Chemist: 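To start, I am sharing the structure in question, which I have written as structure tokens.
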Amino acid sequence: MAYFYQNPLLRWLMRNPIWGFVLIIFIFFSLSADHFFSERNLMNIVVQTSTIGLIALGMTLVMINGNIDLSVGATLALAAAFAVDVQSWAAFSTWGNWQILPAVCLALLVGILMGAINGFIVWKTGVDAFIVTLGAMLGIRGLVFVYTGEQSFYAMNFAYSDFSFMTIGPFPVLAVIFGIAVLAVHWLLSRTVHGRNTYAVGGNREAAVNAGIRVGPHMMINFMLIGFLAALSGVLLSTQMGAATPNLGRDYELWVITAVVLGGTKLTGGKGDIIGTLGGVLAIGILRNGMNLMQVPAFYVYVILGSILIAVLFLDKRFNRTADGGLRL
Amino acid sequence: MNVNREPALRLQGIVKTFPGVRALDGVDFEVMPGEVHALLGENGAGKSTLMKVLAGMYQPDEGQIIIAGQKVRMTTPIEAKAQGVILIHQELSLVPEMSAAENIYLGELPRKSLGRVDWKTLEARSNAILKRLRCNFRAEVTVANLSIANQQMVEIARALTVDARVVIFDEPTASLTDAEKVVLFDIINDLKAQGVGIVYISHRMDEIFTLSDRITVLRDGGYRGTLNTADTNEDEVTRLMIGRSLDLSRDEAAREFGKTMLDVRNLTCPGLFENVSFSVRAGEVVGFYGLVGAGRTEIAETLFGLRKPTSGEILVDGETVEIGSPRAAIAMGISLVPENRKEQGLVLQMNCRDNMTLPQVQDLTAGPFLSQGAELAIFDQYRDRLAIKTPSWRQSAGVLSGGNQQKIVIGKWLSMQPRVLIVDEPTRGIDVGSKSEIHQLLRELAAQGYAVIVISSEMPEVLRVSDRIVAMYHGRIMREFSIDEVTEDSLVQAISGITSDTAA
Ligand SMILES: Nc1ncnc2c1ncn2[C@@H]1O[C@H](COP(=O)(O)OP(=O)(O)OP(=O)(O)O)[C@@H](O)[C@H]1O
Ligand SMILES: [Mg+2]
């Protein structure tokens, strides 16, 4: 064991077992799946994972804060519906491609609003976030069906659906957006006052209050951020599909939470980081992509992911329990 | 000691390292049957770690454990318990939602057929143990509803469920009242008479000298020697422990008091305290002395905005104020070092530096980002000033030794440069060296013009640090003493609710 403690790379991997896992499956698929290791496919992976990735960033914030948000899939669908629908409103019919702008802005605002409502209820009523956002998940999904009349909306403006194929230099625009979001949230969490207080509130709420930290506003900001990111994710998803369907984003909350937990964020709050979450998101992305290339039926992905989730968390506990001081078995 | 007898338990050359820390460095230790063996050392010396090795919670890197002549390997607390080694933790480890009975028999609930819990037997046995401990609550109550002291009793009751060979008490008296302590000492002497070996860890010299037969001293994870209690004295033990003698005198320099910083008039919170009036001037230390439960902590919490008084007035620096929240209190320059560091003071997963700067991070920024440099500067300053022992600022606060955790909390509030500093039981669980440093520090702070309130249940502590002492009993201020007129007897009388003729 002493040797492990001394090698900095191994130590880092022990603290972030998910990255060890990402490395292993990366090498595995590179060797065994034909088209896996190509620039194009790797970019593909980033684009494919950016949707759950963006939400996972927000979920990391919310979970470190000691809460959870189950309503992200529904918020995503609602935002996508707004984004696609609003651009065809008569009011903007003469705006040309600019009609996309109010549509996207409104969609993002709707996401922030949903988050704000969640946050406000959790703050003011003190009801557990699990319950509040479970209600929101059902309620918002209901709203989506009412709004869309159970139909899909299709984007009439082709500039909208072309957006997702754009590139900036060698990089797909979606990958760039995701990259920027990763950096921004990482900085927010590790370098700002809000980030620090997010850890404090999730780690020990009473101590945070005693330190003069206003718990409610921080929780609200984090819910608004995840609402924004879910909406952004919904907008981007609808550009990829050129449409918004009422069932968009089903089960996303489960994928997102899986990715975040794989990345080492604790459900009890106070612990976690964006580097881990990125690893969790990539692990899911690589697995799905690689197994797809190897033509493994999709449901095996679930079986394998489920096993990996447990395995990674087990390793994490093995390696890191002394460091946590949490020894009682 | 009878040389012919086997030790109940012996540790040889124990080494235990954590990343960055050599917590134990070749420690030898033994307990004879029927002996009370005290273990002493500064905060972070490795006492709790040694005991966790003994109780099967940590695996030593090197060294061996010998029980009744047999070399053993214990990998879990359950195995240790089976060997008759029982550890009563420094930090409570109870399940708060369960009843006292369930906690006492946790993991070994008596059963009926089909694995059903035999509640009757469970409660009968638990109540019998609690009775033996002279506890005045029943085993059916939920632990969360018990006071800290009573929770401690439940923890002790656990040890009495099996035939113990060795029972380890890790700072058991930190939150007990004097009366409860007497009960505890009776129990320890009972166990001793039954031939059980006792390991007793405490920072209180008086307890160690009344209770123990031998004393082993650790320093920085190293073994410093074992002494017969009868052949040694406090000074020798202290020097072994911290490398120097202690100066326990009061600093008698004449004080100049400034204007009144805090003035409390007829403050009432029904059921907790009533009609409380006192004032604290700049440069003055006011000690609040009383029994646990006298309402002192509640007054502190009210001043810090955690409780709302039903009537009365609070003036800070001459102005009447409403203190609605800790945030408001901090803005007015009031700081509180709370009684209970783990629950109220620290974010355990967070590193030491971040814990220390928590109430002021919003002021330690460079542009939109936190300034690492400014944060580290504060951490380094108070680490040195309070002699906090940690391998680096990155260490999470949860793994520090109890005393060092307390110092982090004190450092946190000192670094806020408050006008009024309230410290609630500031030296609970702190070693004698640091304790006298903290006392000196409180005096220095006052000398620099802070108004300081010290709440303490230890008479020597209030006598040493205070300029004035407020004695409380059942939520009322019984009497105020200036340090020149106070005597131990009059203090004891005042906090027991006895009003003598002189107390007019
Ligand atoms: N799980 C852990 N991980 C890392 N370091 C640890 C861990 N447990 C203890 N330490 C370190 O080991 C040293 C010894 O700690 P220990 O708790 O044994 O001290 P102690 O003598 O009981 O002190 P106190 O009187 O304050 O309770 C300390 O420096 C502490 O920070
Ligand atoms: Mg200890």
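The structure displayed is predicted, hence computed values, not measured ones. First the proteins, then the strands, lettered A, B, ... as listed; each starts at 1.
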Chemist: Who wins among B/Ile330, B/Asp61, B/Leu348 for the most heavy-atom pairs under 4.5 Å with chain A?
Modeler: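 When all of B/Ile330, B/Asp61, B/Leu348 are compared, B/Ile330 has the most.
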
Chemist: How far apart are the closest heavy atoms of B/Leu358 and A/Arg196, and which atoms are they?
Modeler: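 Heavy-atom minimum between the residues: CD1-CG, 4.4 Å.
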
Chemist: How about CD1 on B/Ile78, more than 12 heavy atoms from neighbouring residues, nucleotides or ligands closer than 6.0 Å, or not?
Modeler: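 No, the 6.0 Å shell around CD1 holds no more than 12 heavy atoms from other groups.
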
Chemist: At a heavy-atom separation under 4.5 Å, does B/Thr357 approach chain A through its side chain, its backbone, both, or neither?
Modeler: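 The side chain, not the backbone.
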
Chemist: Using heavy-atom distances under 4.5 Å, tell me whether B/Ser325 contacts chain A through its side chain, its backbone, both, or neither.
Modeler: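 Neither part, no heavy atoms under 4.5 Å.
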
Chemist: Do you know which of B/Glu343, B/Met350, B/Lys412, B/Met416 has the most heavy-atom pairs with chain A at a distance under 4.5 angstrom?
Modeler: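 Option with the greatest count: B/Glu343.
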
Chemist: Could you look at B/Leu336 and say if it's the side chain, the backbone, both or neither that has a heavy atom under 4.5 Å from chain A?
Modeler: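 For B/Leu336, no heavy atom lies under 4.5 Å from chain A.
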
Chemist: Select, from B/Gly305, B/Pro326, B/Ser371, B/Ala331, the one with the greatest count of heavy-atom pairs under 4.5 Å involving chain A.
Modeler: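 So the answer, after comparing B/Gly305, B/Pro326, B/Ser371, B/Ala331, is B/Pro326.
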
Chemist: Of all of A/Ser190, A/Gly202, A/Ala200, which one pairs up most often with chain B through heavy atoms under 4.5 Å apart?
Modeler: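 Among A/Ser190, A/Gly202, A/Ala200, the one with the most close pairs to chain B is A/Ala200.
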
Chemist: Please determine whether the number of non-hydrogen atoms from other residues, nucleotides or ligands lying under 6.0 Å from atom CZ of B/Phe369 exceeds 12.
Modeler: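 Yes, because the 6.0 Å sphere around CZ of B/Phe369 holds more than 12 heavy atoms from other groups.
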
Chemist: Ignoring hydrogens, what is the shortest heavy-atom contact between B/Leu346 and A/Asn204? Give both atom names and the distance.
Modeler: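 Smallest interatomic distance, heavy atoms only, reads O-ND2, 2.7 Å.
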
Chemist: Please check if the number of heavy atoms outside A/Trp187 that lie under 6.0 Å from its CH2 is greater than 12.
Modeler: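 Open.
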
Chemist: Can you tell me which of B/Gln395, B/Glu375, B/Gln360 forms the most heavy-atom pairs within a distance under 4.5 Å of chain A?
Modeler: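 Option with the top pair count is B/Glu375.
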
Chemist: Go through the atoms of B/Gln59 and report whether side chain, backbone, both or neither lie under 4.5 Å from a heavy atom of chain A.
Modeler: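 Looking at B/Gln59, nothing touches chain A.
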
Chemist: Counting only non-hydrogen atoms closer than 4.5 Å, does A/Arg205 touch chain B with its backbone (N, CA, C, O), its side chain (CB onward), both, or neither?
Modeler: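 The answer is neither part of A/Arg205.
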
Chemist: Working to the nearest 0.5 Å, report the span between CG of A/Asn197 and CD of B/Gln362.
Modeler: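 So the CG of A/Asn197 and the CD of B/Gln362 are separated by 7.0 Å.
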
Chemist: If I compare all heavy atoms of B/Gln344 with all of A/Glu206, which pair ends up nearest, and what's the gap?
Modeler: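 In terms of heavy atoms, the two residues are closest at CG-OE2, 3.1 Å.
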
Chemist: Give the minimum heavy-atom separation between A/Asn210 and B/Phe304, together with the two atoms involved.
Modeler: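 Closest heavy-atom pair between A/Asn210 and B/Phe304: O-CZ, 3.2 Å.
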
